[in-house]
Amino acid sequence: MPMQGLAKALAAQLGELAQAGLLKGAESVLCGVIAPRDGNGPRFLIEGEGDKPYLRMNANNYLGMSLREEVIDAEDAAATNYGAGPGAVRFISGTWSPHVALERRLAAFHSRPSAIIFSSAYAAIMGLIPQLVSKKTAVISDELNHNCIINAISLAAPAEKRIYKHLDMGELERCLDETAKSCTRAIIVTDGVFSMRGDHAPLDRIMALARSRDNAFAEGAIVVVDDSHGVGALGATGRGAEEYTRSAPVDILVATLGKAFGVNGGYVVGDEILIRYLRERSPFYVYSNPITPAEAAAAHKAIDILDSPDGLSLLEHLRAMTARFKAGLVRLGFETLPGEHPVAPLVTRDSARTVALVEHLRRRGVLVTGLTYPVVPKGDEEIRFQISADHTAADIDAALEALAEMAEANVPLARAKQL
C-alpha cells in the first residue's frame, strides 16, 4: 500500500519522541462546564471521568471572558446576523463589519493608528516578521521567545540572526552594535510576557536601547513585541507589558484574542502604512480566512468589558488571587518566581517530582501543566499554574491544600515518581 512506507517512518519518529520524553500523548477531552456555585468558580468535566469536577489551572483564560454571558451573547447575536463562518478571505469576497469594528477598537485600545486581525497570534507573527526582513536586516531575539517567533525568524532568513541571553540588556546592546556594521535595519523581537515563567521583558529599557541605536542603521532599529500573555493580564488597565514597565509605545505590537479576551484570533497594531502593507503582502492575511464575524463581535465585547470599571475589578481580583496563590506556595516551602503575572510557576528542579505532583493534583481534581527535561533544561523543571479571574479564594485554597499534602509527605525525590 502507498502509505506503508510513510507510516513506518512516522511511527519510528513517534517512537523517538516517546523515548526522548517529548511525546505529548492523548489530550484530555473537556465535555462539560459546571457553573460557579457554593463559593467555587467553574468546574470542568472530562470525557471518561464521569461526573468528577476539575478545577482548571492550565488555561490562558485570564479574565474568565470565555464563559462570560455578555461575550457569549455577542457571539450568538453576530452568528445569527452574519452566519457561522466568514465565507472566504477578505480581499476576495469582502470583509464583514464586525472585523472592521474590531480592528478600530483594537487600535483605539492600544492608542495606535491602525490594526489588522489574523486567524491567530501565531499566524500574526508568522505573517509579520518575514515581511519586515530585507537582505540587509538583522533580527535580534530573546533566547526564551515563543516558538512562533523562532519559526518566523527561520522563515524570514535575515542577513544576521542574533539570540541574546534572557533579559540580558548588555548582550542586546552588543548585538545592536555588532550588526550595525553590516546591516541597514535591525528588528528586536521579544515576548512581552514569557509564557512558561510569567516574567516580562523590560520594554522601557529595550525601547531606550532601540532609540539610541536608530541612527546606526539606515532604516532604524525596530522593536516588535508579542504580548499575547500580557495584554489583559498585566498592567493597571490590562494593556500589558508596555503599561506595566511604563515603556514608550513599542513600534509594532502583536497580541491575541484567545487568552485574556477569551475568544480566538490574533492581531497587529502599529502605524497605518505598516498595516496597509501587511494587508497587501502578508500571506497569512491575504490567503487565509479571518476569524468568524461572530468571534470578532465577541472579542469586541470582551475588550469593552476590560476597558470599563468592571474590567478594572476583574484585574484587581486577578492580582489578588495570583498573590494569594504565590504566597501560599512560599508558605508551603515551594519555589516560585516573583511577579504579578497570573502565570505562577512552581519550580521543582526535578522531573520525577514534577510528574508526581501533576499526577497527585489531577487525582485531587486540579488540572495543571508539568514541564520536564528535555522540554526544559535539567534543573529548570516546573509546574505551570495559571490563575484566572474565574478563580475564587476557595479555588486557590483548594489547590494549595492539595499541594500541602505532598509537601507534608516530604517524600525523597528519588521515590516521588512512585507516589
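Pairs of residues two or more places apart, or lying in two chains, that qualify as ring pair (Phe, Tyr, Trp, His ring centres under 6.0 Å) and include a residue from residues 321-367 are Tyr62-His341, Phe325-Phe385. Sorted by first and then second residue, the pairs that involve residues 250-265 and meet side chain to side chain donor-acceptor pair (under 3.5 Å), not counting sequence neighbours, are Arg211-Asp251, Asn264-Glu295.
In this view, Glu272 satisfies the salt bridge (charged side-chain N to carboxylate O under 4.0 Å, His left out) rule with no residue, not counting sequence neighbours. Residues satisfying the salt bridge (charged side-chain N to carboxylate O under 4.0 Å, His left out) test with Asp380, not counting sequence neighbours, are Arg349. His300 is linked by a side chain to side chain donor-acceptor pair (under 3.5 Å) to Asp304, counting only residues two or more places apart in sequence or in another chain. In this view, His146 satisfies the ring-ring contact (aromatic ring centres under 6.0 Å, His included) rule with no residue, not counting sequence neighbours. Under the side chain to side chain donor-acceptor pair (under 3.5 Å) criterion, Asp226 pairs with Ser228, not counting sequence neighbours. For Arg362, the side chain to side chain donor-acceptor pair (under 3.5 Å) criterion is met by Ser28, not counting sequence neighbours. For Asn147, the side chain to side chain donor-acceptor pair (under 3.5 Å) criterion is met by Tyr122, Asn151, not counting sequence neighbours. For the salt bridge (charged side-chain N to carboxylate O under 4.0 Å, His left out) test, residues two or more places apart in sequence or in another chain that qualify with Glu103 are Arg90, Arg279.
A heavy-atom distance below 4.5 Å is not found between the side chains of Ser282 and Tyr277. Contact annotation: the side chain of Val366 never approaches that of Leu403 to less than 4.5 Å [non-hydrogen atoms, C-beta and beyond]. Counting only heavy atoms from C-beta outward, the side chains of Val223 and Val225 approach each other to under 4.5 Å. Looking only at side-chain heavy atoms (C-beta outward), Ile187 and Ile252 stay at 4.5 Å or farther from each other. Within the 4.5 Å cutoff, no side-chain heavy atoms of Ile72 are placed close to those of Arg68. Taking 4.5 Å as the limit, some side-chain heavy atom of Ser141 sits within range of a side-chain heavy atom of Ile149. No side-chain heavy atom of Arg162 sits less than 4.5 Å from a side-chain heavy atom of Arg174. Within the 4.5 Å cutoff, side-chain heavy atoms of Leu371 are placed close to those of Thr369.
Ring planes of His110 and Tyr267: tilted class, angle from 30 to 60°.
Here the CG atom belonging to Leu400 is positioned 11.5 Å from the CD atom belonging to Glu405, to the nearest 0.5 angstrom. Separation of atoms OG1 (Thr392) and CG (Leu55) is listed at 8.0 Å; rounding is to 0.5 Å. With rounding to the nearest 0.5 angstrom, the CD atom of Glu173 is 11.0 Å from the CD atom of Glu178. For the atom pair CG of Asp390 and CG of Asn40, the computed distance is 12.0 Å after rounding to the nearest 0.5 Å. Between His317 atom NE2 and Leu314 atom CG the span is 8.5 Å, to the nearest 0.5 Å. Between the CD1 atom of Ile163 and the CG atom of Asp142 there is a distance of 8.5 Å, given to the nearest 0.5 Å.
Salt bridge annotation for Glu160-Lys136: absent, with no cationic side-chain nitrogen under 4.0 angstrom from a carboxylate oxygen. Salt bridge status for Asp271 with Arg112: absent, with no side-chain N to carboxylate O gap under 4.0 Å. Salt bridge status for Lys301 with Asp73: absent, with no side-chain N to carboxylate O gap under 4.0 Å. Salt bridge present: Asp307 and Arg239 bring a charged side-chain N and a carboxylate O closer than 4.0 Å.
In terms of heavy-atom proximity, Ala138 sits nearest to Thr179 at CB-CB, 3.6 Å. Between Ala260 and Val231 the shortest heavy-atom distance is CB-O, 3.4 Å. For Ala115 against Val269, the heavy-atom pair with the smallest separation is CB-CG1, 3.6 Å. Scanning all heavy atoms of the two residues, the minimum distance from His99 to Ile291 falls at NE2-O, 2.7 Å. Summarising the geometry of Ser388 relative to Gly64, their closest heavy-atom pair is OG-N, 3.8 Å, with the distance given to 0.1 Å. Ala180 approaches Phe217 most closely through the heavy-atom pair CA-CE2, 3.5 Å.
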Practice prompt. Might you work through the side-chain contact (heavy atoms from CB on, under 4.5 Å) test for Ile140 and Thr190, ending with a clear yes or no?
Written response: CA-CA 9 Å; Ile140 307 171; Thr190 181; over 6 Å; no
Item to complete: Report the C-alpha separation of Leu63 and Leu306 in whole Å, then their side-chain angles, then the decisive distance to 0.1 Å, and conclude whether the side-chain contact (heavy atoms from CB on, under 4.5 Å) test is met.
Response: CA-CA 9 Å; Leu63 294 177; Leu306 173 58; 3.8 Å; yes
Item to complete: I would like to know whether Met65 and Val263 meet side-chain contact (heavy atoms from CB on, under 4.5 Å); could you show each step before the answer?
Response: CA-CA 8 Å; Met65 292 289 188; Val263 190; over 6 Å; no
Worksheet item: Would Glu243 and Thr237 satisfy side chain to side chain donor-acceptor pair (under 3.5 Å), going step by step from the backbone distance to the final call?
Response: CA-CA 8 Å; Glu243 182 176 43; Thr237 65; 2.6 Å; yes
Item to complete: Step by step, work out the side chain to side chain donor-acceptor pair (under 3.5 Å) result for Asn61 and Ser66.
Response: CA-CA 7 Å; Asn61 187 30; Ser66 68; 2.9 Å; yes
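Looking only at atom types and distance, the side chain of Asn58 has no donor-acceptor partner in the side chain of Gln386 under 3.5 Å away. In this model, a donor atom of one side chain and an acceptor atom of the other lie less than 3.5 Å apart for Ser134 and Thr137. Counted by atom type alone, Thr354 and Thr348 present one or more donor-acceptor pairs between their side chains at under 3.5 Å. Side-chain atoms of Glu381 and Ser351 include a donor-acceptor pair closer than 3.5 Å.
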Under 3.5 Å, which donor-acceptor pairs link side chains of residues 195-208 to any protein atom two or more places apart or in another chain?
{"from": "Arg197", "atom 1": "NE", "to": "Asp199", "atom 2": "OD2", "distance (Å)": "3.0"}
{"from": "Asp199", "atom 1": "OD2", "to": "His166", "atom 2": "NE2", "distance (Å)": "2.7"}

Exercise answer: donor-acceptor pairs, residues 74-82 side-chain atoms, under 3.5 Å, sequence neighbours excluded:
{"from": "Thr80", "atom 1": "OG1", "to": "Asp76", "atom 2": "O", "distance (Å)": "3.1"}
{"from": "Asn81", "atom 1": "ND2", "to": "Ala77", "atom 2": "O", "distance (Å)": "3.3"}
{"from": "Tyr82", "atom 1": "OH", "to": "Ser97", "atom 2": "OG", "distance (Å)": "3.3"}

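In this structure a side-chain-to-backbone donor-acceptor pair under 3.5 Å is missing from Thr95 to Phe91.
In the displayed structure, Glu219 atom CD is contacted under 6.0 Å by more than 12 heavy atoms of other residues, nucleotides or ligands. More than 12 heavy atoms of other residues, nucleotides or ligands sit less than 6.0 Å from atom CD of Glu70. Around the NZ atom of Lys378, the shell of radius 6.0 Å holds no more than 12 heavy atoms that belong to other residues, nucleotides or ligands.
For the side-chain hydrogen bond (donor to acceptor under 3.5 Å, both in side chains) with Asp395, the lone residue among Arg43, Arg56, Arg324 that qualifies is Arg43.
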